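Both counts, for ligands and for their atoms, begin at 1 and track the order of listing. What you are looking at is a predicted structure, and each value in this text was computed from that prediction instead of being measured. Along the sequence shown, residues carry numbers from 1.
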Amino acid sequence: MKTAQTWRFSMKEMQNLPAPRHRGQLKKPTWIIVLVSLVSLFLICAYIYPRHNSAACYVFSSNGCKGFSHWLPPAPAREFTDDEIASRVVIRDILSTPPLESKNPKIAFLFLTPGALPFEKLWDKFLHGHEGRFSVYVHASKDKPVHFSRYFVNREIRSDKVVWGKISMVDAERRLLANALKDPDNQHFVLLSDSCIPLHDFDYVYNYLMHTNISFVDCFEDPGPHGSGRYSDHMLPEVEKINFRKGAQWFTMKRQHAIIIMADSLYYTKFRDYCKPGMDGRNCYSDEHYLPTFFYMLDSSGIANWSVTHVDWSEGKWHPKSYSAKDITYELLKNITSIDESVHVTSDEKKEIQVRPCIWNGMQRPCYLFARKFLPEALDNLMQLFSNYTAI
Ligand SMILES: *[C@@H]1O[C@H](CO)[C@@H](O)[C@H](O)[C@H]1NC(C)=O
Ligand SMILES: *[C@@H]1O[C@H](CO)[C@@H](O)[C@H](O)[C@H]1NC(C)=O
Ligand SMILES: *[C@@H]1O[C@H](CO)[C@@H](O)[C@H](O)[C@H]1NC(C)=O
Ligand SMILES: *[C@@H]1O[C@H](CO)[C@@H](O)[C@H](O)[C@H]1NC(C)=O
């Protein structure tokens, strides 16, 4: 815009310029040639450097010359495959089309469980009084749970076997999303396990998730054996090692993101076939890598890079800390709800600790809305404390 205006202005000035009579007739054609050449040069530049429009602007802008680097063509990007081009246009279109406005936007809570839901009573307490602003879906992969809460009765979707660390875990997540997407009022989707509890009251959670346009998908770069060490070259060319990311599976996501997962078969297939236990003599777990890598590659600014589900890995064991009944104190829950920085630790020798503030709509806010892993015996203490700790 600025360039075009500047240019038009100069043309006008030139036309109005009173040319000295004795030079006028001789010089006029020369001026036209120069003009036409400049315009052509500009158009050619704009054509050659479509993504670097700024470079063309610098031709005419007096304050824009920041160095020679602007004149260099961008490093040649890898040529995308047909599948990749097709995938990317579909995804870009979905992301740039806002979802249909719902008069009654709801959050879909997606429970991924082998069977029983020991904290159903706590969730009932959390959901009570907020009818019409949420929906519940349960994927019970082994046993059909017995329900205590009316919000959970008949909310099971058709399920299939889930093997820990295998693609069947991702399949179950996709199945939950697909079922929840059938209801156009569902605008944000939360994946939870049987050992998850809510850390805040419903309104807090609803506002936190609905009043932002990002998804809380965990994503970080781990150059160690439990990160990029799990990558297989078989994923080339579409998934390069430099783009391989890691993150906990417990996401929340906006509708557009749930839809691009439905639309994706290219990247999903790469992970299904080449990120699995025993791949190239290593163990790769798709549920920890597919979504972080997918979103990093296709909409990295659309995700928060941390999970709103807290878990305590500080004991440094193979499994995170499990909270028992005696661990449940007001102090513990206050500690967890007041955390406002996300922490990632790499698995290489350096054990680099990456600490980032949790930024929500530009403000630093508490990171967590949910927490795991709680043992079933913790239920009674949590029920007693719920009103107290959610009021924090
Ligand atoms: C999210 O909203 C902010 C303003 O609230 C806007 O600047 C930003 O572009 C939006 N991002 C996406 C991915 O829609
Ligand atoms: C998440 O990380 C990516 C880089 O990996 C960054 O571009 C993006 O802005 C981050 N998201 C937010 C919300 O800060
Ligand atoms: C809560 O945090 C404080 C300060 O970090 C710590 O000293 C205390 O042990 C924590 N309490 C619990 C129950 O985790
Ligand atoms: C719960 O909150 C009330 C009022 O703030 C307080 O008096 C009470 O001690 C709290 N209970 C516990 C177990 O922290």
Side-chain angles (χ1 to χ4, degrees), residues 51 88 91-92 95 188 197 199 208-224 227-228 231 239-254 256-257 260 267 288-317 320-346 352-375 377-378 381-382 384-386 388-390 392:
R51 289 185 173 188
R88 283 174 181 258
I91 289 167
R92 198 190 53 199
L95 291 177
H188 206 99
I197 64 153
L199 288 174
Y208 196 107
L209 297 178
M210 290 295 212
H211 296 167
T212 185
N213 55 9
I214 59 167
S215 295
F216 295 90
V217 175
D218 192 24
C219 176
F220 78 111
E221 185 173 14
D222 177 0
S228 307
Y231 172 82
V239 183
E240 295 173 75
K241 193 171 187 176
I242 48 160
N243 292 331
F244 196 69
R245 290 295 180 278
K246 181 178 176 168
Q249 77 184 107
W250 308 106
F251 61 72
T252 84
M253 65 177 64
K254 58 177 180 176
Q256 285 160 316
H257 281 160
I260 64 173
Y267 300 98
E288 291 185 355
H289 298 284
Y290 164 54
L291 292 180
T293 307
F294 178 75
F295 283 110
Y296 175 73
M297 288 171 61
L298 295 152
D299 192 21
S300 71
S301 60
I303 59 167
N305 300 314
W306 85 85
S307 163
V308 289
T309 299
H310 176 267
V311 72
D312 183 358
W313 283 103
S314 67
E315 290 178 345
K317 294 187 189 151
K321 179 178 170 58
S322 284
Y323 298 100
S324 61
K326 66 171 174 7
D327 293 322
I328 309 306
T329 59
Y330 179 79
E331 195 193 1
L332 171 77
L333 292 154
K334 200 178 84 174
N335 275 5
I336 296 174
T337 51
S338 58
I339 298 168
D340 60 3
E341 286 176 334
S342 78
V343 178
H344 288 114
V345 185
T346 64
E352 190 199 329
I353 300 173
Q354 306 171 359
V355 181
R356 301 227 163 76
C358 291
I359 304 293
W360 181 93
N361 285 358
M363 294 169 279
Q364 187 162 3
R365 291 280 301 270
C367 308
Y368 300 114
L369 303 177
F370 314 103
R372 54 192 279 269
K373 307 183 70 152
F374 290 78
L375 296 173
E377 60 171 50
N381 291 357
L382 286 165
Q384 273 171 32
L385 276 176
F386 183 77
N388 264 47
Y389 74 76
T390 55
I392 297 167

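Salt-bridge annotation for Glu341 and Arg356: absent, with no side-chain N of the basic residue lying under 4.0 Å from a carboxylate O of the acidic one.
Taking a heavy-atom cut-off of under 4.0 Å, ligand 3 is surrounded by Glu331, Leu332, Asn335.
Under the ring pair (Phe, Tyr, Trp, His ring centres under 6.0 Å) rule, Phe216 has a single partner from Trp250, Phe251, Tyr208, which is Tyr208. When each of Tyr368, Phe374, Phe370 is tested with His310 by the rule ring pair (Phe, Tyr, Trp, His ring centres under 6.0 Å), just one qualifies, namely Tyr368.
Residues forming a ring pair (Phe, Tyr, Trp, His ring centres under 6.0 Å) with Phe386 (at least two apart in sequence, or on another chain): Tyr389.
Ring geometry for Tyr231 against Phe244 counts as perpendicular: the plane angle is over 60°, on a 0 to 90° scale with 30° as the lower cut.
For the residue pair Asp299 and His257, a side-chain donor N or O sits within less than 3.5 Å of a side-chain acceptor on the partner. Defined by atom type and a distance below 3.5 Å, a donor-acceptor pair is missing between the side-chain atoms of Asn305 and His344.
Near Tyr296, with a cut-off below 4.0 Å to any heavy atom, the atoms of ligand 2 are 5 (O).
Of the N or O atoms in Ser301, none lie within a sub-3.5 Å distance of an N or O in ligand 2.
Only the backbone of Ile303 comes within 4.0 Å of ligand 2, counting heavy atoms alone; no side-chain atom from C-beta on gets that close.
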